[in-house]
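The structure appears right after this line, and notes come after that.
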Amino acid sequence: MPELPEVETICQDLRTCGLIGEPIRGIVVTWEKTITPLSAEEFSGRLVGRAIARIDRRAKYIHFTLDDGQNLLVHLRMTGAFSIRESRCAMDSHDRVAFIYADRELVFHDTRKFGRMTLCTNTCGIFGRLGPEPFDPTLDAEVFHQKLMSHRRMLKPLLLDQGFIAGLGNIYVDESLFAARLHPCAHADELTPAQASNLLMAIRLVLRESIENRGTSLGEGDGNFHSDGRYGSNATRLKVFQRTGSTCPRCSAIIERRVVGQRATHLCPRCQVLS
DNA sequence: AGAGCTGTTACCAA
DNA sequence: TTTGGTAACAGCTC
């Protein structure tokens, strides 16, 4: 579930929780794979006594910078989520890691166990493989067009590729392609400069709108709760994603669902034509 | 009961 | 270089 807008929202919430600068008193790990390759002992040893100095987002990663310069990179994957609990609360069956503070706990909850926390002294190993942030000011229409021209892949799998552009997932790729009136199967190197520019603007518009709505929460799943328990409201603004069979808000054609690159894909067959 | 689906990504093979 | 398949895992829907 969490793509760029959801991770951004979580970072905003975590920054205002008052945990920054507070020393970590203890760590509880109930699912060791979450913190691979470190053991629970190594992980605790390097974090207990430290404090979070800052919290940033890069792509879909939450980047905690510790007060000794270490970096804790958290990827939520499908169902990861953070919440703040009172001290000594019973762990939920899907809680994987808890950071114990003097008066409360920061708990990482992850039903499907795909989420990962990586402790590193240098972020380059992980961030070095990522493409530009969608809002990177140096990523202008011309640069984006050039990037598209150097790939012959279909648009949708390319936009999902975090090495091409970072932060988009299935929801926002479908929404961005709809907004730009581009077919998910169109080939990247066939876009005109105007189409490339439209696509970049569409991506930014769709992401900005979702961030303003605190992200998209789908269904009632527990992957939806944010650190403060509030839900994002962007689901009601989605134009095509999970709206199969409904009418296109632009032309009233029926929204289609098909599989592109092994991913469920939603599009308007009239607005998004393959040229 | 059981099969097939799911918003992510790494890895491997062709 | 790009594509396709699989695996990690659990819950939901039909």
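These figures come from a predicted structure and were not determined experimentally. The figures here come from the full heavy-atom set of this structure, side chains too, leaving out hydrogens, waters and symmetry mates. Each chain gets a letter, A, B and so on, in the order the sequences are listed, and its residues count up from 1.
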Whole angstroms only, please: what is the [atom1]-[atom2] distance between [X] and [N]?
X: A:R152; N: C:dT3; atom1: CZ; atom2: C1'; result: 12 Å
X: A:I126; N: B:dA10; atom1: CD1; atom2: P; result: 9 Å
X: A:L76; N: B:dT9; atom1: CG; atom2: P; result: 10 Å
X: A:R116; N: C:dA7; atom1: CZ; atom2: C1'; result: 11 Å
X: A:R263; N: B:dT6; atom1: CZ; atom2: C1'; result: 9 Å
X: A:F114; N: B:dC11; atom1: CZ; atom2: C1'; result: 14 Å
X: A:F241; N: B:dT6; atom1: CZ; atom2: C1'; result: 9 Å
X: A:M78; N: B:dG7; atom1: CE; atom2: P; result: 6 Å

Could you pick out which residue, A:H75 or A:R257, lies toward the 5' side of DNA chain B when each is mapped onto its nearest nucleotide?
-> A:R257

Hey, which of these two, A:A264 or A:Q162, hits DNA chain B nearer its 5' end, going by closest nucleotide?
-> A:A264

State whether a side-chain donor-acceptor pair under 3.5 Å links [X] with [Y].
X: A:K156; Y: A:T265; result: yes
X: A:S87; Y: A:Y101; result: no
X: A:D110; Y: A:T79; result: yes

Taking only the side-chain heavy atoms of [X] (C-beta and beyond), determine which of [options] contains the nearest atom.
X: A:N170; options: B:dT8, C:dT3, C:dA8; value: B:dT8
X: A:I171; options: B:dA10, C:dA10, B:dG7; value: B:dG7
X: A:R96; options: C:dA8, B:dT8, C:dA10; value: C:dA10
X: A:K113; options: B:dA10, C:dT2, C:dC9; value: C:dC9

Could you work out the separation of C:dT6 and B:dG4 based on their P atoms and round it to a whole Å?
-> 13 Å

Looking only at atom P, what distance separates C:dC12 and B:dT9, rounded to whole Å?
-> 23 Å

Please confirm whether the shortest side-chain N or O distance from [X] to OP1 or OP2 of [N] is below 4.0 Å.
X: A:K60; N: B:dT9; result: yes
X: A:H94; N: C:dG11; result: yes
X: A:H151; N: C:dT2; result: yes

Does A:R112 make a side-chain donor-acceptor contact with the base of B:dT6, cut-off 3.5 Å?
-> yes

Base, sugar-phosphate, or nothing: which does A:Q262 touch, judged by heavy atoms less than 4.0 Å apart?
-> base

Considering the options A:I10, A:I52, A:I20, which one meets the side-chain contact (heavy atoms from CB on, under 4.5 Å) requirement together with A:R15?
-> A:I20

Should the pair A:D174-A:K239 be classified as a salt bridge under the 4.0 Å nitrogen-to-oxygen rule?
-> no

What pair of heavy atoms forms the shortest contact from A:S210 to A:E6, and how long is it?
-> OG-OE2, 4.0 Å

Counterpart residues, side-chain hydrogen bond (donor to acceptor under 3.5 Å, both in side chains), relative to A:R46 (two or more places apart) | A:Q70

Anything under 30° is parallel, anything over 60° is perpendicular, the rest tilted; go ahead and classify A:H63 against A:F127.
-> perpendicular

Applying the Watson-Crick and G-U criteria (both distances under 3.5 angstrom) with [ ] for crossing and | for other-strand pairs, one obtains for DNA chain C .|||||||.|||||

